[in-house]
Protein chains: 2
Amino acid sequence: MNKSEIKVISVLERVGGFASAQQLHQLLLRSGESIGLTSVYRALQSLVDDKIVDQLRKEDGEAIYRLCGEAHHHHLVCKSCGSTVEIEGSALEKWAKAMAEEHGYREVGHLAEVFGICPSC
Amino acid sequence: MNKSEIKVISVLERVGGFASAQQLHQLLLRSGESIGLTSVYRALQSLVDDKIVDQLRKEDGEAIYRLCGEAHHHHLVCKSCGSTVEIEGSALEKWAKAMAEEHGYREVGHLAEVFGICPSC
DNA sequence: AGCACAAATGAAAATGATTTTCATTTTCGT
DNA sequence: ACGAAAATGAAAATCATTTTCATTTGTGCT
């Protein structure tokens, strides 16, 4: 965990939700931190790899990031405003496991995302 | 509905699932069609606006497209050799729908991928 | 057919997020 | 303090996508 990662985590804590790399960089600069955009991207990438940060995509393809508290969960993402809700995934876990077993796959993992338009949009 | 849109729809039919703009363009060229990448993007955009085509984003941010109403399916992908099996997804569909309804989301879609290591690896 | 005007087309340039390169600086172990 | 390794960031590169703009094609009208 290097300095950039600590700065990025602290700004993510302050934000308390999703933000893009560029937004986070701006926020850091405005709050007096000295950090390059490159380092923000690098820190985010490494935090995502370490599963400390969740990465999603807005409809326009821009990546947005947020601290992820829990171990494994799924999101319901609004296509229009990007707001997200964490959803319960035990049915999905079971399904993924069943499908994998049926075909003899080992070391199973999965990716799933549900999207739609939220009530307020 | 112009020529480009017709070409794009026909190649999407042939593909029968998701594909990126660049992939679709390559496929069209290989099958002897003459069409520019620009026109593929324009046709896709207009088909998405008309709700004839669904647009999603892969994790890397690239857009992928598929005909709306195309019976979509999911894959079980081998992490080691990359081979894929189509899997049955009705349990997943139900789950996605239930989760979305529970939170009042409309126009619901989802993405799911299961990965593991296949028997022969 | 011939003409005018709108729509379509695509090559090339522009855009914008993200990644890579690379030279410099900082950190750390000895 | 010294040298190796890691971190940093500015600038360049990348890559999907969009925009521009000049040219071609299609359409309606006479």
Side-chain angles (χ1 to χ4, degrees), chain A residues 1-12 15 17-68 77-82 84 111 113 115, chain B residues 1-12 15 17-67 111:
Chain A
M1 181 87 65
N2 56 38
K3 282 184 186 173
S4 300
E5 291 175 24
I6 289 170
K7 288 177 185 172
V8 167
I9 287 178
S10 84
V11 75
L12 277 170
V15 166
F18 279 103
S20 70
Q22 322 254 354
Q23 287 173 329
L24 294 171
H25 181 227
Q26 284 306 309
L27 285 171
L28 282 165
L29 293 186
R30 280 192 216 117
S31 56
E33 291 289 353
S34 162
I35 188 174
L37 182 56
T38 308
S39 297
V40 173
Y41 274 109
R42 247 191 306 243
L44 284 168
Q45 196 49 63
S46 135
L47 292 168
V48 167
D49 291 345
D50 296 347
K51 307 206 193 308
I52 294 169
V53 162
D54 274 342
Q55 176 181 29
L56 293 182
R57 294 276 167 181
K58 291 191 302 181
E59 284 228 315
D60 66 0
E62 192 183 18
I64 51 180
Y65 306 84
R66 153 182 99 168
L67 280 180
C68 78
V77 186
C78 178
K79 288 196 262 196
S80 135
C81 70
T84 65
L111 265 181
E113 190 128 77
F115 45 88
Chain B
M1 181 85 65
N2 56 39
K3 284 184 185 171
S4 301
E5 291 174 24
I6 289 170
K7 288 177 186 171
V8 167
I9 288 179
S10 85
V11 75
L12 277 169
V15 167
F18 281 105
S20 71
Q22 321 254 353
Q23 287 173 328
L24 293 172
H25 182 227
Q26 285 306 311
L27 285 170
L28 282 165
L29 293 186
R30 279 192 215 119
S31 56
E33 290 288 353
S34 162
I35 188 172
L37 182 56
T38 309
S39 296
V40 173
Y41 273 109
R42 249 194 303 244
L44 284 169
Q45 196 50 64
S46 135
L47 292 168
V48 167
D49 291 345
D50 295 348
K51 305 208 193 306
I52 294 169
V53 162
D54 277 341
Q55 176 181 28
L56 293 184
R57 295 274 167 183
K58 291 191 302 181
E59 288 224 326
D60 66 0
E62 192 182 19
I64 50 179
Y65 306 85
R66 99 180 150 191
L67 282 179
L111 251 186

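Order of the sequence lines sets the chain letters (A, B, ...), proteins ahead of strands, with each chain counted from 1.
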For nucleotides 18-25 of chain C, print each protein N/O atom paired with a nucleotide N/O atom at under 3.5 Å, atom names and distance only.
{"from": "C:dT18", "atom 1": "OP1", "to": "A:Ala63", "atom 2": "N", "distance (Å)": "2.8"}
{"from": "C:dT18", "atom 1": "OP2", "to": "A:Tyr41", "atom 2": "OH", "distance (Å)": "2.6"}
{"from": "C:dT18", "atom 1": "O5'", "to": "A:Tyr41", "atom 2": "OH", "distance (Å)": "3.4"}

For this session: Search all heavy atoms of A:Leu29 against all heavy atoms of A:Ile35 and return the closest pair with its distance.
Result: CD2-O, 3.7 Å
Can you give me the N/O atom pairs linking the protein to nucleotides 26-28 of chain C at distances under 3.5 Å, or say none if there are none?
{"from": "C:dT27", "atom 1": "OP1", "to": "A:Lys3", "atom 2": "NZ", "distance (Å)": "2.7"}

Exercise. If you look at every heavy atom in B:Lys58 and A:Arg57, which pair is closest and at what distance?
Worked result: O-CG, 3.9 Å
For this session: Take the protein atom NE2 of A:His25 and the nucleotide atom P of C:dG16, then report the distance between them rounded to whole Å.
Result: 17 Å
Problem set entry | Phosphate OP1/OP2 of D:dA7: any A:Ser4 side-chain N/O under 4.0 Å | no
Seminar exercise, completed: Taken to the nearest whole Å, CD1/B:Ile6 to C1'/D:dG26 is 13 Å
Exercise. Is the distance from OP1 or OP2 of C:dA7 to the nearest side-chain N or O of B:Asn2 less than 4.0 Å?
Worked result: no
For this session: Just call it for B:Ser46: base, sugar-phosphate, or nothing, with non-hydrogen atoms closer than 4.0 Å on any strand.
Result: nothing
For this session: In sequence, state the C-alpha distance, the side-chain angles, and the governing distance for B:Lys7 and B:Ser4, and then conclude on side chain to side chain contact (heavy atoms under 4.5 Å, CB included).
Result: CA-CA 5 Å; B:Lys7 288 177 186 171; B:Ser4 301; 5.7 Å; no
Seminar exercise, completed: For B:Ala43 and B:Val8 the tightest heavy-atom approach is CB-CG2, 3.8 Å
Seminar exercise, completed: Between CG of A:Leu44 and C1' of C:dA17 the distance, given in whole Å, is 13 Å
Problem set entry | Main-chain N/O of B:Ile52 paired to B:Asp50 side chain as donor or acceptor, under 3.5 Å | no
Problem set entry | Length of the line joining A:Leu29:CG and D:dG9:P, which is rounded to integer Å | 10 Å
Problem set entry | With sequence neighbours excluded, residues passing side chain to side chain contact (heavy atoms under 4.5 Å, CB included) with B:Leu37 | B:Gln22, B:His25, B:Tyr41
Seminar exercise, completed: Nearest heavy-atom contact between A:Ala19 and A:Val15 is CB-CG1, 4.2 Å
For this session: Calculate the interatomic distance between A:Glu33 atom CD and D:dT8 atom P; express it in whole Å.
Result: 12 Å
For this session: Figure out the CD/C1' separation between A:Glu5 and D:dG9, and round it to whole Å.
Result: 16 Å
Problem set entry | Chi angles and distances behind the side chain to side chain contact (heavy atoms under 4.5 Å, CB included) call for B:Glu5, B:Ser46 | CA-CA 8 Å; B:Glu5 291 174 24; B:Ser46 135; 2.9 Å; yes
Exercise. Do you know the tightest heavy-atom contact between A:Val53 and A:Tyr65?
Worked result: CG1-CB, 3.8 Å
